[in-house]
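Each chain gets a letter, A, B and so on, in the order its sequence line appears, and its residues count up from 1.
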Protein chains: 2
Amino acid sequence: MNARPDPDQATPAFAAHDHRACEARALDEAEGRLARQGGRMTPVRRRTLEILLESHRAMGAYEVLDRLAAEGFGRQPPVAYRALDFLVEHGLAHRLQRLNAFAACLHPGQDHAPAFLICRACDTLAELPAPPVHAALSDLAAETGFAVERATIEAVGLCPACAGAPA
Amino acid sequence: MNARPDPDQATPAFAAHDHRACEARALDEAEGRLARQGGRMTPVRRRTLEILLESHRAMGAYEVLDRLAAEGFGRQPPVAYRALDFLVEHGLAHRLQRLNAFAACLHPGQDHAPAFLICRACDTLAELPAPPVHAALSDLAAETGFAVERATIEAVGLCPACAGAPA
DNA sequence: GATTGACTTGTTATCATGTAACATGAAAGG
DNA sequence: CCTTTCATGTTACATGATAACAAGTCAATC
């Protein structure tokens with residue numbers, strides 16, 4: 001129930017902190033991680049990670065690309081996408097995803113706190129009422145002082161049918 | 001603990017069911033809802049909803065657009081987007097969102113079950129370790145027989161700073 | 001130290017997704 | 001009938017993402 005554990009561990013992003021150190025530590029860990037995993041930390045990749053680390057914000061690939069181009073790296077989309085993909089693959093960055101797709105609502109009217117289950121084999125989508133999950137999320141967020149207004153909860157996996165009969 | 005409550009209420013999407021009835025019921029409820037809310041159920045909108053209801057799948061806007069165009073409606077993107085937005089606004093469809101953006105990972109190495117908190121005012125993003133939320137989601141999913149492999153949990157709201165000093 | 005092979009970077013071209021801005025058309029209300 | 005409002009349609013563009021290919025780098029071996 002301690003809302004502020006070791007700041008080095010929990011890094012709330014909202015709290016005031018020594019960002020320079022925060023950045024340096026992440027870069028440091030990255031180097032170590034890559035050394036152990038055999039990945040190569042090249043200039044573009046390092047710079048890309050630094051750019052991402054500058055702010056506690058999610059950035060679009062093209063925003064990153066602009067920065068890279070301004071510093072003499074290639075100005076074509078693949079340059080940024082490749083560096084970003086590399087970082088994600090090695091656990092150094094996250095991709096915040098969106099499906100950009102629509103589905104009919106099967107529970108209109110009921111109070112809405114849905115979660116979505118998407119089968120990666122047959123693309124079937126199930127909408128579940130998920131108040132407990134939303135509650136768990138809101139509680140966690142509240143510990144950092146964040147007020148959740150809307151939440152997106154999507155799971156990818158295998159539906160019973162596809163799990164039973166893998167193609 | 002009943003894995004199969006009233007099928008009319010829980011509609012698992014994965015279970016065998018009378019889809020014709022399922023579709024009809026949703027359309028029916030939609031009409032009622034719009035009548036109460038004052039929304040207008042026009043031909044494009046109705047057709048769009050029907051298309052979405054045909055399958056338990058999420059569809060891309062351009063996929064819907066192709067269908068609409070083939071049936072004599074406009075063939076420009078806004079036609080589909082407007083109909084879909086309308087349905088979403090009136091609670092008749094969901095938009096499965098993802099941010100399509102990147103952020104540096106602040107907890108590399110730790111076992112990863114993160115949730116993201118995105119402040120809508122300052123765009124600051126916090127990454128939280130959220131095993132309880134993932135656990136709650138997996139438990140819920142397991143009740144339908146779905147095996148979660150990856151989950152995306154994103155919350156939009158106000159960070160403490162922006163909540164305290166609303167611009 | 002030359003050669004090979006894997007990997008990285010860069011390019012061009014194209015596709016997919018989403019929106020802004022404006023013109024026309026139908027419908028409800030006075 | 002006229003006005004206001006909302007729906008539909010268009011063109012044009014912004015943004016996000018990838019395929020396919022050419023060239024450079026680097027380490028390891030022969």
### Query
Can A/Glu54 and A/Arg47 be counted as an ion pair, charged N to O under 4.0 angstrom?
yes

### Summary
Comparing B/Arg75 with A/Pro77, nearest DNA chain D nucleotide closer to 5' gives the residue B/Arg75

### Summary
Of the listed C/dG18, C/dG10, D/dA17, the closest approach to the A/Tyr62 side chain comes from D/dA17

### Message
Can you give me the closest heavy-atom contact between B/Gln76 and B/Leu65, atom names plus distance?
### Response
O-CD1, 3.5 Å

#### Entry: Shared hydrophobic cluster for A/Leu158 and A/Ile153 (ILVMFWY, side-chain gaps under 4.5 Å)
no

### Among C/dA21, C/dG10, D/dA7, the one nearest A/Val44 by side-chain distance
C/dG10

### Of the listed nucleotides C/dG18, D/dT8, C/dT9, the one nearest the side chain of B/Arg82
D/dT8

### Query
Which of these nucleotides, D/dT18, C/dT8, C/dT11, is closest to any side-chain atom of A/Gln76?
C/dT11

### Pairing residues for B/Glu89 by the salt bridge (charged side-chain N to carboxylate O under 4.0 Å, His left out) criterion, not counting sequence neighbours
none

### Message
Can you measure B/Phe73 atom CZ to D/dA7 atom C1' for me and round it to whole angstrom units?
### Response
12 Å

### Task
Using whole Å, report how far CD of B/Glu89 lies from P of D/dC6.
12 Å

Show every donor-acceptor pair shorter than 3.5 Å between a side-chain atom in residues 134-142 of chain B and any protein atom, with sequence neighbours excluded, or say none if there are none.
| residue | atom | partner | partner atom | Å |
| --- | --- | --- | --- | --- |
| B/His134 | NE2 | B/Pro114 | O | 3.0 |
| B/Ser138 | OG | B/His134 | O | 3.2 |

### Message
How many whole angstroms separate atom CZ of A/Phe86 from atom C1' of C/dA6?
### Response
14 Å

### Message
Does D/dA17 have its OP1 or OP2 closer than 4.0 Å to a side-chain nitrogen or oxygen of A/Tyr81?
### Response
yes

### Query
Nearest of D/dA7, D/dT18, D/dC26 to any side-chain atom of B/Arg45?
D/dA7

### Query
With respect to the side chain of A/Arg40, which nucleotide from C/dC7, C/dT12, D/dT10 is positioned closest?
C/dC7

### Summary
Nearest heavy-atom contact between A/Cys119 and A/Cys159 is SG-N, 3.5 Å

### Task
Please state how far atom CG in A/Leu65 lies from atom P in C/dT11, giving the value in whole angstrom units.
10 Å

#### Entry: Angle of first-five versus last-five pair axes in the helix from C/dG1-D/dC30 to C/dG30-D/dC1, to 10 degrees
10°

### Message
How close do A/Phe86 and A/Arg45 get, counting heavy atoms only, and between which atoms?
### Response
CE1-NH1, 3.2 Å

### Message
In this structure, how many angstroms lie between the C1' atom of D/dG16 and the CG atom of A/Asp85, rounded?
### Response
13 Å

